[in-house]
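Scroll down for the structure; my scribbles are underneath it.
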Amino acid sequence: MSEYEPQRIEAKWQNVWREQGAFRADRDPARPKYYLLEMLPYPSGTLHMGHMRNYTIGDAVARYKRMRGFNVLHPIGWDSFGLPAENAAIKNNIPPRQWTNSNIAQMKATCERFGFSYDWRREVSTCEPEYYRWNQWFFLRMLERGLAYRKKSKVNWCPQCQTVLANEQVVDGCCWRHETTQVEAKDIEQWFLRITAYSDALLDDMKELGEGWPERVLVMQRNWVGKSKGARVKFPVAKMEGKAIEVFTTRIDTIYGATAVILSPEHPLVPELIHGIPGSGAIEAQWNRLRQKILRPAELAKAEKEGIFTGRFAVNPFSGEMTPIWVANFVLADYGTGAVMCVPAHDQRDFEFAEKYRLPIKIVVQPLQGAALKKDQLNEAYTDYGRAVDSAKYSGLESAKAIEKMTADAEAKGIGKGETTYRLKDWGISRQRYWGTPIPVVYCEKCGIVPVPDDELPVKLPESVALTGEGQSPLAGVPEFVNASCPKCKGRARRETDTMDTFVDSSWYFYRYTDAHNDRAPFGAEEARYWFPIDQYIGGIEHAILHLIYSRFFAKVMHDLGLIEHREPVKRLFSQGMVQKGGRAMSKSHGNVVGADEMAQKYGCDTARMYTLFAAPPEKDLEWSEQGIEGCARFLNKVHRLVERYAEKLRGVEANPSAKIDLASATAKEKVLLRKAHQTLKRVTNDLEARWHFNSSVALIMELVNEIHAQEPLDEGARPEIAKRVLELLVLMLAPIVPHMSEELWETLGHSGGLGKVSWPAYREDLAKEEQFEVVIQINGRLRGKLLVDDGLTEDETRERALSEPRVTQLLKGHAILKTIVVPKKLVNIVVR
RNA sequence: GCCGGAGUGGCGGAACUGGCAGACGCGUUGGACUCAAAAUCCAAUGGUGCUUAGCAUCAUGAGGGUUCGACCCCCUCCUCCGGCACCA
């Protein structure tokens with residue numbers, strides 16, 4: 001009898017799989033496909049068990065689906081551009097590519113060591129020109145369609161390094177390298193992708209995702225797009241001919257309660273308004289103070305409301321009233337029109353502002369029910385809908401109706417119009433960094449911005465570049481790169497030196513997997529049509545918004561380019577929980593990392609995989625416990641011993657396949673074994689198929705092992721072909737979870753050729769079925785006895801049996817039975833007085 | 001503040017459609033095997049009370065409700081986690 005030696009058998013089977021090409025998947029219209037994807041990892045160096053959880057869940061599903069006969073596409077790749085490689089280069093003087101590739105090699109080795117069933121032929125690394133070439137290609141297509149454009153935008157600037165900082169390089173408002181140097185906001189020209197062109201599509205198409213995506217992700221995305229319907233209304237400025245302030249409001253019905261108009265400090269009209277007003281010098285000084293504070297948006301959210309009166313008035317276009325114009329810090333410049341009407345009675349922020357600056361409060365909406373609001377008793381704004389009052393001819397209308405009518409009237413009179421605004425902003429993709437995809441345009445002295453022609457792609461990132469982290473954009477210091485000729489006029493041109501946000505790389509990578517080596521297109525249409533949409537995507541919740549909204553946006557653009565037929569790339573999304581140690585997420589900086597290689601070394605990867613699936617339901621956070629994983633190691637040893645114990649005797653035996661088992665001729669022990677095995681199979685199948693409760697699947701399999709163990713010795717009272725079948729079922733159920741050990745035990749049981757061609761067993765309802773049921777007897781809902789009844793007992797018979805139980809009769813003495821509830825095969829509840 | 005999610009033994013967690021709360025694992029305790037240890041195996045293990053082989057009773061964050069019956073459905077509240085946060 002041989003010992004369970006995980007290291008030996010894991011290496012052995014990994015070799016077999018490699019030689020067989022066991023996990024290669026090719027387009028095969030004759031078979032149903034299943035595209036299973038885990039989020040592309042960033043090659044940061046070593047993998048810890050937090051990373052592995054994601055892949056373990058995916059691999060269990062991939063292996064299960066293969067056993068169910070699906071043609072499973074299960075690929076992986078590397079999100080290999082990005083800042084850490086640059087930082088490592090600065091720190092250790094290693095070229096980013098070298099650092100990145102050595103990390104990839106290391107992580108790939110770990111993945112192979114865990115036996116993940118990837119089709120490695122489809123491996124993609126985003127920092128390779130063969131890949132990023134297509135980022136550039138997509139960019140050019142967007143440029144052609146006006147979906148890529150340039151505008152000025154703020155970046156973080158460290159005056160000491162004289163360089164742009166990524167958000168991650170800003171620590172508490174200071175440069176990461178100069179902790180005392182305040183980061184400044186600097187306006188520079190940058191490239192944007194017009195994701196806002198798809199705002200409504202991103203919202204509307206969520207209907208397709210409702211079934212398969214977690215609700216919280218959809219909610220987050222909906223809030224991120226932030227659609228709100230309202231109206232734009234013009235307030236003409238008094239004594240300034242032709243000047244008006246436009247405000248955006250969702251509550252035009254409260255306009256008769258507007259007691260001020262408030263502009264953002266950055267509103268372009270402010271200087272004009274202040275100019276020529278008595279005391280304008282002092283006002284301007286205050287305004288400048290307000291404007292300075294704008295620079296720090298994190299604090300702004302918590303800051304107290306502050307404002308100044310400009311000295312000017314605007315005319316309320318509905319009431320004709322003169323309304324003071326203020327400038328205040330709480331009005332956002334880049335949302336709506338950058339100006340609001342201030343209705344203290346019906347907006348909480350306006351209420352607070354009005355209280356501080358003693359602006360009048362005017363109630364123009366009363367609740368439909370309950371006591372009427374009184375001005376002097378208002379402690380907070382009344383923001384609900386109700387009925388308009390003191391609103392001229394609109395008085396008496398309910399809010400929704402008033403909004404509709406007033407919007408229409410505003411439009412008719414040319415003083416406003418209905419408008420929908422979004423919080424979603426266009427996607428700024430320019431990064432003043434080296435390790436990323438070069439943006440494929442040149443700036444020609446004569447022709448201006450000129451796209452690099454397709455046949456000159458990729459614009460390759462130069463490889464030997466001195467990275468210091470100081471000075472201008474790294475690529476700007478590489479003359480061979482910067483100096484270009486204009487594709488149009490062949491004159492002198494300067495190449496764009498910014499690179500793309502790495503979220504571009506990860507926005508479409510899963511299409512590339514379907515056709516990873518295509519050098520004529522990002523992917524072939526046929527390949528995408530066969531494999532898409534992704535049947536199951538698995539990843540961390542931290543990508544709920546950015547990655548998952550950008551990739552939806554890309555798919556919509558690709559759809560409009562005619563590259564794909566679907567609108568949504570991902571049918572189902574699963575967000576797994578984090579792995580924690582000591583109550584905190586595993587990370588290098590917390591110093592609580594449990595290394596994947598270390599676990600594979602110590603226990604074997606099957607044990608690590610099993611513990612990962614068993615310790616918590618997959619969507620919940622998992623606290624890593626050394627004792628917990630030891631428990632799993634014990635269990636696998638136990639299974640190994642169990643199978644080994646009978647292997648010798650059973651090897652030559654032809655197992656009786658489940659389909660042919662005849663229950664009538666079975667012994668008592670065989671019935672118990674078969675019943676438990678098929679009950680387990682039924683529930684594990686359901687867990688893997690629909691519920692994804694891998695933790696309870698593992699628990700069920702443990703129960704099965706306990707039952708088999710209780711029935712030992714198996715060679716007494718059970719025929720070998722039945723005993724063998726039960727052990728086979730055990731091994732097959734373990735296959736998605738602990739694939740190496742399952743292969744080994746399958747072989748031990750006398751099978752050759754591996755599990756690759758073996759299907760998931762079908763459970764038989766009649767074998768799983770209990771012959772007897774324990775019926776619980778309750779009196780007034782309290783447990784008072786139990787009854788063992790045969791299958792097929794009628795309701796009346798069950799009731800009779802319960803009532804004639806001695807203990808029950810005893811307890812019922814002196815009580816009148818009001819009624820009896822019988823749930824067949826489950827319980828009898830006798831209600832007495 | 002708003003929006004989501006969660007709260008069950010000493011711990012991780014189970015309980016499928018409203019029907020025996022605590023499956024399975026960890027830990028703990030006792031025992032077997034052993035010169036001894038490890039490994040393995042066996043048994044016990046929510047609290048309280050009692051006339052203690054058993055029985056009763058309480059118990060799923062708190063309080064209430066619906067129901068013959070509630071971890072599960074409804075209402076109110078508390079705590080924790082996550083997201084958004086002056087979005088007009």
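Note on naming: letters A, B, ... go to the chains in the order of the sequence lines (proteins, then strands), and numbering restarts at 1 for each one.
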Checklist outcome for this item: Of the candidates G19(B), A88(B), A23(B), the side chain of V340(A) sits closest to A88(B)

Checklist entry - Mind checking the P distance from U76(B) to C2(B)? Whole angstroms is fine. => result 13 Å

Checklist outcome for this item: Out of A85(B), G12(B), C68(B), minimum distance to the side chain of V831(A) belongs to C68(B)

Item to check | Among C68(B), A88(B), C16(B), the nucleotide that comes nearest once only the side chain of I821(A) is considered | outcome: C68(B)

Item to check | C26(B) phosphate, OP1 or OP2, under 4.0 Å from R634(A) side-chain N/O | outcome: yes

Next on the checklist: Using a 3.5 Å limit on both distances, find every run of at least three consecutive Watson-Crick or G-U pairs that involves RNA chain B.
Outcome noted: B:1-7 with B:78-84, B:10-12 with B:24-26, B:27-32 with B:40-45, B:46-50 with B:54-58, B:61-65 with B:73-77

Checklist outcome for this item: Of N695(A) and Y422(A), the one whose nearest nucleotide on RNA chain B sits closer to the 5' end is N695(A)

Checklist entry - Can you find a donor-acceptor N/O pair under 3.5 angstrom joining the side chain of E774(A) to the base of C20(B)? => result yes

Item to check | Side chain of M702(A) (C-beta onward), nearest among A15(B), C68(B), G25(B) | outcome: G25(B)

Item to check | Pairwise P distance for G63(B) and U8(B), with rounding to whole Å | outcome: 16 Å

Checklist entry - Only one of D687(A), V684(A), I737(A) forms a side-chain contact (heavy atoms from CB on, under 4.5 Å) with V698(A), so which one is it? => result I737(A)

Checklist entry - In terms of side-chain heavy atoms of N706(A), which of C26(B), G19(B), C24(B) is nearest? => result C24(B)

Checklist entry - Distance check: side-chain N/O of S696(A) vs OP1/OP2 of C24(B), anything under 4.0 Å? => result no

Item to check | Donor-acceptor under 3.5 Å (T254(A) side chain, R251(A) main chain) | outcome: yes

Checklist entry - Looking at the side chain of V776(A), which of U40(B), C16(B), C20(B) is the nearest nucleotide? => result C20(B)

Item to check | Separation of the P atoms in G61(B) and U52(B), to the nearest angstrom | outcome: 35 Å

Item to check | 5′-ward residue of the pair T337(A)/K826(A) relative to RNA chain B | outcome: K826(A)

Please tabulate, one pair per line, each protein N/O and nucleotide N/O from nucleotides 4-9 of chain B that are separated by under 3.5 Å, including the distance.
none

